[in-house]
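Numbers for residues simply follow the sequence, beginning at 1.
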Amino acid sequence: MRSILILFIATLFIVSCSNKASELSGDERPELSKTDREEIMNTFMLTQEAWNNYDIEGFMSAYWNSDKLVFTGVGGPTYGYQATLENYKKNYPDQETMGLLKFTVVDLYRIDNSSSLMIGKFYLSRKMGDLVGYYTLVWQKIDGKWKIISDHSSGQLIK
């Protein structure tokens with residue numbers, strides 16, 4: 001009887017370990033909780049709204065206010081919240097250059113318990129020529145709030 005109990009416990013242990021291993025491999029990506037997905041999407045849509053109200057500081061509220069923030073665009077990486085904000089202000093000094101922004105989220109998934117990855121497309125409609133491109137954002141939960149810690153965006157001008 002004792003041998004059967006030991007065999008049963010050993011089998012449970014092996015099955016448990018193999019289930020954990022299968023969770024870490026394969027084609028499936030970890031899902032975000034409904035709450036985390038909603039928080040990220042709400043925060044992200046507020047950036048679009050702020051941009052369309054010509055409020056760059058409001059747009060930047062989703063970004064991590066840290067020297068470790070990284071924004072990578074056509075000119076290479078920019079490090080730090082303040083440098084990223086200044087670049088936005090320099091490149092989009094008025095309503096005409098800012099235009100109207102539309103985001104489309106293509107994919108959003110969890111990397112780990114406090115990080116997620118968002119891939120999407122943006123469309124900036126302007127009289128001077130539209131800008132269309134893609135972005136990859138790394139979000140991290142910092143002090144209980146989801147913030148963008150890395151932004152890699154690239155686009156092309158369409159006249």
Side-chain angles (χ1 to χ4, degrees), residues 17 19-126 128-158:
C17 289
N19 284 343
K20 292 291 182 197
S22 68
E23 288 174 8
L24 299 175
S25 62
D27 294 335
E28 290 187 34
R29 286 186 259 170
E31 291 293 321
L32 277 163
S33 71
K34 181 180 177 187
T35 302
D36 285 339
R37 178 175 293 278
E38 287 174 357
E39 286 178 19
I40 291 170
M41 290 303 296
N42 289 339
T43 299
F44 190 55
M45 289 300 109
L46 288 174
T47 66
Q48 178 179 286
E49 184 180 322
W51 185 275
N52 291 333
N53 287 320
Y54 313 110
D55 177 8
I56 291 179
E57 285 86 2
F59 172 80
M60 288 289 296
S61 68
Y63 286 80
W64 185 27
N65 192 343
S66 168
D67 291 338
K68 294 180 181 177
L69 169 71
V70 62
F71 177 93
T72 306
V74 68
T78 299
Y79 294 94
Y81 179 91
Q82 193 61 40
T84 302
L85 176 62
E86 289 170 11
N87 279 346
Y88 272 119
K89 286 182 174 182
K90 181 179 89 174
N91 293 320
Y92 301 96
D94 54 38
Q95 290 183 9
E96 188 173 318
T97 55
M98 288 182 78
L100 289 176
L101 179 62
K102 172 78 171 117
F103 287 127
T104 302
V105 176
V106 174
D107 204 356
L108 173 60
Y109 60 92
R110 182 171 59 92
I111 297 171
D112 61 26
N113 288 335
S114 63
S115 304
S116 65
L117 186 75
M118 177 185 282
I119 299 169
K121 186 174 185 176
F122 68 87
Y123 187 86
L124 187 59
S125 175
R126 309 179 298 181
M128 63 192 300
D130 296 346
L131 191 60
V132 178
Y134 291 89
Y135 57 85
T136 303
L137 304 175
V138 178
W139 292 80
Q140 189 163 31
K141 200 164 206 175
I142 300 169
D143 297 328
K145 295 185 180 190
W146 285 99
K147 294 290 185 177
I148 299 166
I149 65 167
S150 179
D151 178 339
H152 186 185
S153 296
S154 60
Q156 63 182 17
L157 190 61
I158 299 175

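Atom NZ of Lys141 is separated from atom CD1 of Ile40 by 8.0 Å, given to the nearest 0.5 angstrom. Taken to the nearest 0.5 Å, the CE atom of Met118 stands 7.5 Å off from the CD1 atom of Ile148.
Not counting sequence neighbours, the partners of Gln82 by the side-chain hydrogen bond (donor to acceptor under 3.5 Å, both in side chains) test are Glu86. Asp151 pairs by the salt bridge (Lys or Arg N to Asp or Glu O under 4.0 Å) definition with nothing, not counting sequence neighbours.
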Worked check of side chain to side chain contact (heavy atoms under 4.5 Å, CB included) between Tyr81 and Tyr63: CA-CA 7 Å; Tyr81 179 91; Tyr63 286 80; 4.1 Å; yes
Would you please test Phe59 and Tyr88 for ring pair (Phe, Tyr, Trp, His ring centres under 6.0 Å) and show each step? CA-CA 10 Å; Phe59 172 80; Tyr88 272 119; 5.1 Å; yes
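The backbone N or O of Ile149 sits nowhere less than 3.5 Å from a side-chain atom of Trp139 that would complete a donor-acceptor pair. Between the side chain of Gln48 and the main chain of Phe103, a donor-acceptor pair closer than 3.5 Å is present. The closest donor-acceptor contact from the side chain of Arg37 to the backbone of Leu32 lies at 3.5 Å or more, if one exists at all. Side-chain N or O atoms of Asn53 include none that pairs as donor or acceptor with a backbone N or O of Asp55 at under 3.5 Å. Without hydrogens or angle criteria, Arg110 side chain to Ser116 main chain gives no donor-acceptor distance under 3.5 Å.
Scanning all heavy atoms of the two residues, the minimum distance from Ala50 to Gly58 falls at CB-C, 3.5 Å. The nearest pair of heavy atoms linking Ala83 to Thr78 is CB-CG2, 3.7 Å.
Between Phe44 and Tyr135, the angle of the ring planes lies from 30° to 60°, which puts this pair in the tilted group.
A heavy-atom distance below 4.5 Å is found between the side chains of Ser153 and Phe71. With contacts defined as side-chain heavy-atom distances shorter than 4.5 Å, the pair Leu117/Thr136 qualifies. Side-chain contact check for Gln140 versus Ile142: some heavy-atom pair is nearer than 4.5 Å.
When the shell of 6.0 Å around OH of Tyr79 is examined, it contains 12 or fewer heavy atoms from other residues, nucleotides or ligands. Annotation: Asn91, atom CG; neighbour count of heavy atoms from other residues, nucleotides and ligands within 6.0 Å is above 12. Taking a 6.0 Å sphere around CD of Glu57, one finds it holds more than 12 heavy atoms contributed by other residues, nucleotides or ligands.
There is no side-chain donor-acceptor pair under 3.5 Å between Thr84 and Asn87.
For Lys34 and Glu39, the salt-bridge test fails: no basic side-chain N is under 4.0 Å from an acidic carboxylate O.
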